[in-house]
2 protein chains.
Amino acid sequence: MKEIETFLEDKKVRPTAMRVLIYKYMAEKEIAVALADIENAFTKADRTTLYRTLKTFEKNGIVHQIDDGTGITKYALCDKGCNCEIEQDLHLHFHCLNCNETVCLTKHKIPHINLPEGYLAEDVNLVVKGICEKCSGQ
Amino acid sequence: MKEIETFLEDKKVRPTAMRVLIYKYMAEKEIAVALADIENAFTKADRTTLYRTLKTFEKNGIVHQIDDGTGITKYALCDKGCNCEIEQDLHLHFHCLNCNETVCLTKHKIPHINLPEGYLAEDVNLVVKGICEKCSGQ
DNA sequence: CCAATAAATGCACTTCCATTGCACTTTTTA
DNA sequence: TAAAAAGTGCAATGGAAGTGCATTTATTGG
């Protein structure tokens, strides 16, 4: 708990009770979470607070946003060295069509993409859909 | 015009006037189009018709849907050999942050992605964002 | 310690786009 | 040519993201 507080402070985010809880929640879950998930977990808190907390976390490099193609924005904690901004550091995301969960495959960097002459890449989004190990093992 | 009709018939889609026009419109544009684009081009037709036309086209392998991360669903004509379903055939999409246009880079197949043990890939979505050749050349 | 200020939170509302239900029209077919 | 099917148009719904403003809570300088 204390560690979370100091962690947030390091990231220049004031560690309010709500923020610590949300961080804790996301750290315990190992999958990417949607705003609605957090809403369900913290029914006493207002949607807006949760929403803005995520935006604050995002702005300060605590979480990154994931577009997994479901149309629902997901968020996941950044790894220690996760430089979401740097192209080379981008990892891919896996969305399971069975359990509907999305995970960061942090170890799997996106391979270099060759583009035609004249195209300049600034950002890459790679989502693989299929069956995750949890679901395929059953 | 006649070719479009027979083409649609080949795809088991009844070539109504509207459908032929929409197909023609998409063929002339070389970029992926949003429903709103088509709406603007065909102000006399109803949104729903255009929407359902795209869905019909999609179901019959005439167009494929593109999620370029803008939150707006785009559609593009499939190439002759575009087997949208087959993983190996998936091409990548490029979204220009300047002109906001999205194109299929049909020639650029998605490289094989190595996944951890237990993960089964069924579909891959790869979107590169940056500056397109039209915009970078200026 | 207290007042002034800034940050965080909650509520209500808006916007935007995708999607659907139902009625009406046009086309197909038996 | 009548019945059925497919296509089209209008209106409404739904879900999620985002915003304005008032209120509460925390911070800080005197």
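To find a chain, count down the sequence lines: A is the first, B the second, and so on, and within it residues start at 1.
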A.B. asks: What's the CD-C1' distance between A/Glu39 and C/dG10, to the nearest Å?
C.D. replies: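 Result: 13 Å.
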
A.B. asks: Give the rounded distance in Å between these two atoms: NZ of A/Lys12 and P of C/dA8.
C.D. replies: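 Going from A/Lys12 (NZ) to C/dA8 (P), I get 14 Å.
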
A.B. asks: Taking atom C1' of C/dA8 as reference, at what distance in whole Å does atom CG of A/Leu54 sit?
C.D. replies: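 Roughly 15 Å, once rounded to whole Å.
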
A.B. asks: Are A/Lys55 and D/dA17 close enough that a side-chain N or O sits under 4.0 Å from OP1 or OP2?
C.D. replies: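 For D/dA17, neither OP1 nor OP2 has a side-chain N or O of A/Lys55 closer than 4.0 Å.
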
A.B. asks: Ignoring the backbone of B/Tyr51, work out which of C/dG10, C/dT9, C/dA18 is nearest its side chain.
C.D. replies: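 Closest of the options to the side chain of B/Tyr51: C/dA18.
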
A.B. asks: OP1 or OP2 of C/dG10 less than 4.0 angstrom from a side-chain nitrogen or oxygen of A/Thr49, does that happen here?
C.D. replies: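 Yes, within the criterion.
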
A.B. asks: Would you mind reading off the distance between B/Asp37 atom CG and C/dC17 atom C1', rounded to a whole angstrom?
C.D. replies: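 From B/Asp37 CG to C/dC17 C1': 13 Å.
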
A.B. asks: Check every atom of C/dG10, C/dA8, D/dA16 against the side chain of A/Ile72 and return the nucleotide holding the closest atom.
C.D. replies: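 Nearest to the side chain of A/Ile72 among the choices is D/dA16.
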
A.B. asks: Return yes if a side-chain donor-acceptor contact under 3.5 Å exists between A/His93 and A/His108, otherwise no.
C.D. replies: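 Checked: A/His93/A/His108 side chains show no N/O donor-acceptor pair below 3.5 Å.
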
A.B. asks: Taking atom types as they are modelled, is there a donor-acceptor pair under 3.5 Å from the base of D/dA5 to the side chain of B/Arg14?
C.D. replies: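 Under the 3.5 Å cut-off, the side chain and the base do not form any donor-acceptor pair.
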
A.B. asks: Taking A/Lys134 first and then A/Glu101, would you say they form a salt bridge - that is, a charged N and a carboxylate O separated by under 4.0 Å?
C.D. replies: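 A/Glu101 and A/Lys134: salt-bridged.
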
A.B. asks: Using whole Å, report how far CG of A/Leu50 lies from C1' of D/dA17.
C.D. replies: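 So the CG-C1' distance, A/Leu50 to D/dA17, works out to 14 Å.
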
A.B. asks: Mind calculating the distance between CD (B/Gln65) and C1' (C/dT19) to the nearest angstrom?
C.D. replies: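 Atom CD in B/Gln65 sits about 12 Å away from atom C1' in C/dT19.
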
A.B. asks: Identify the heavy atoms of A/Tyr119 and B/Glu133 that sit nearest to each other, and give their distance.
C.D. replies: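 Here A/Tyr119 and B/Glu133 meet closest at CE1-CG, 3.4 Å.
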
A.B. asks: Using only heavy-atom distances, determine whether the side chains of B/Asn100 and B/His95 contain a donor-acceptor pair under 3.5 Å.
C.D. replies: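 Yes, a side-chain donor-acceptor pair sits under 3.5 Å.
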
A.B. asks: Is there, by distance only and without an angle test, a donor paired with an acceptor across the side chain of A/Arg52 and the base of C/dG10 below 3.5 Å?
C.D. replies: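 A donor-acceptor contact between them is present.
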
A.B. asks: Would you indicate what A/Thr73 reaches in the nucleic acid, counting non-hydrogen atoms under 4.0 angstrom: base, sugar-phosphate, or nothing?
C.D. replies: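 Here A/Thr73 touches the backbone only, sparing every base.
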
A.B. asks: For B/Asp46 and C/dA18, what is the distance between atoms CG and P respectively, to the nearest whole Å?
C.D. replies: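 Answer to the nearest Å: 15 Å.
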
A.B. asks: Looking only at the side chain of A/Leu35 (C-beta and beyond, no hydrogens), which of the listed nucleotides C/dT9, D/dG9, D/dA17 gets closest?
C.D. replies: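 Of all the options, the side chain of A/Leu35 is nearest to D/dA17.
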
A.B. asks: Take B/Gly71 and B/Thr48, find for each the nucleotide of DNA chain C with the closest heavy atom, and name the residue whose nucleotide sits nearer the 5' end.
C.D. replies: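 Its nucleotide being nearer the 5' end, the pick is B/Gly71.
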
A.B. asks: Picking from C/dA8, D/dT8, D/dT19, which would you name as closest to the side chain of B/Arg19?
C.D. replies: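 Nucleotide nearest to B/Arg19's side chain: D/dT8.
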
A.B. asks: Is the backbone N or O of A/Ala34 less than 3.5 Å from a side-chain atom of A/Asp37, with the two atoms forming a donor-acceptor pair by type?
C.D. replies: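 Side chain of A/Asp37 to backbone of A/Ala34: a pair is present.
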
A.B. asks: Without decimals, in angstroms, what is the distance between B/Met18 CE and C/dT25 P?
C.D. replies: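 Value for this atom pair: 19 Å.
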
A.B. asks: So which nucleotide from C/dC11, C/dT9, D/dG7 ends up closest to the side chain of B/Thr16?
C.D. replies: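 Nucleotide nearest to B/Thr16's side chain: D/dG7.
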
